[in-house]
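Below: the structure, in structure tokens.
In what follows, every heavy atom counts, from backbone to side chain, and hydrogens, waters and symmetry copies are set aside. The shown structure was predicted, so the numbers you read here are calculated from the model rather than taken from an experiment.
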Amino acid sequence: MNDYDRNRNKHKYAVYGIMLGILGLIELFSSFPNGMFPAFFFGVMGVVLSLISGDGVMGRPDGPSIAGIVLSSVAVGLSLVLYFSMIFFFSTLKDPVAGPQFFRYYEELFASQGIPAASISELFRIR
């Protein structure tokens, strides 16, 4: 395999890394709670493929590999932040001391916008 074919394959990996980063972000935002896990997976795969293609001219990463690393890292980071935020939110709601106070705060917040409490309890699946 000559250098041209090797560089061509590495460029393909960089493009695949970009595509997986974009796919992860689309998956995260289009199907939010369920899309966190595929977005994390696509992001990790995009980072790996972009890092594999990373040695461009003089050992420096080229543009597509940097773009793949950035997009995929954003997908991984956002999916982790949203996952742990949801864990914190629902564990706070289940807390016997902080839960009712937290729920009352959200009830007042939504009531000021004209949204009834029944809609809030359905949103959080609290009955």
Side-chain angles (χ1 to χ4, degrees):
M1 181 184 264
N2 59 18
D3 288 339
Y4 176 74
D5 290 336
R6 195 172 301 122
N7 288 337
R8 190 170 158 201
N9 286 338
K10 288 189 176 196
H11 182 73
K12 286 181 185 178
Y13 289 151
V15 171
Y16 294 151
I18 292 172
M19 289 171 45
L20 283 170
I22 291 172
L23 185 63
L25 290 173
I26 289 172
E27 184 70 27
L28 182 65
F29 291 123
S30 65
S31 58
F32 167 57
N34 298 329
M36 288 185 296
F37 303 111
F40 180 78
F41 175 74
F42 291 146
V44 168
M45 293 304 297
V47 167
V48 168
L49 287 175
S50 297
L51 287 174
I52 288 173
S53 72
D55 51 337
V57 179
M58 304 282 285
R60 294 185 191 153
D62 54 347
S65 63
I66 291 174
I69 290 169
V70 168
L71 285 172
S72 300
S73 298
V74 167
V76 168
L78 278 177
S79 63
L80 286 175
V81 165
L82 291 173
Y83 178 73
F84 287 116
S85 297
M86 284 183 58
I87 287 176
F88 174 74
F89 180 76
F90 285 109
S91 66
T92 304
L93 279 180
K94 289 182 179 181
D95 188 310
V97 176
Q101 295 172 352
F102 195 64
F103 187 72
R104 263 186 263 122
Y105 169 73
Y106 273 99
E107 193 174 57
E108 291 173 12
L109 180 72
F110 286 128
S112 69
Q113 300 297 320
I115 301 171
S119 299
I120 298 169
S121 63
E122 181 62 32
L123 177 69
F124 296 141
R125 291 187 174 91
I126 300 172
R127 292 188 180 115

Which atom pairs, donor and acceptor, lie under 3.5 Å between side-chain atoms of residues 93-105 and protein residues at least two apart or in another chain?
residue, atom, partner, partner atom, Å
Asp95, OD1, Val97, N, 2.8
Asp95, OD1, Ala98, N, 3.3

Item to check | Atom pair OG (Ser91) and CE (Met86), whose distance is rounded to the nearest 0.5 Å | outcome: 11.5 Å
Next on the checklist: Using the side chain to side chain contact (heavy atoms under 4.5 Å, CB included) definition, which of the options Phe42, Phe40, Phe41 pairs with Pro38?
Outcome noted: Phe42
Next on the checklist: Quick check for you: to the nearest 0.5 Å, what is the distance between Ser65 atom OG and Ile52 atom CD1?
Outcome noted: 12.0 Å
Item to check | Contacts of Thr92 that satisfy side-chain hydrogen bond (donor to acceptor under 3.5 Å, both in side chains) - sequence neighbours left out | outcome: none
Checklist entry - Between atom CD1 of Ile18 and atom CD1 of Ile66, what is the distance when rounded to the nearest 0.5 Å? => result 10.5 Å
Checklist outcome for this item: What one should report as the nearest heavy-atom pair of Ser53 and Ala14 is OG-CB, 3.3 Å
Checklist entry - So which pairs with a foot in residues 19-31 pass side chain to side chain donor-acceptor pair (under 3.5 Å), sequence neighbours left out? => result Glu27-Ser31
Item to check | Same cluster (ILVMFWY, side-chain, under 4.5 Å), Ile87 and Phe89 | outcome: yes
Atom pairs and distances, side-chain donor-acceptor, residues 69-85, under 3.5 Å, sequence neighbours left out:
residue, atom, partner, partner atom, Å
Ser72, OG, Gly17, O, 3.2
Ser72, OG, Gly68, O, 2.8
Ser73, OG, Ile69, O, 2.7
Ser79, OG, Ala75, O, 3.1
Ser79, OG, Val76, O, 2.9
Ser85, OG, Val81, O, 2.7

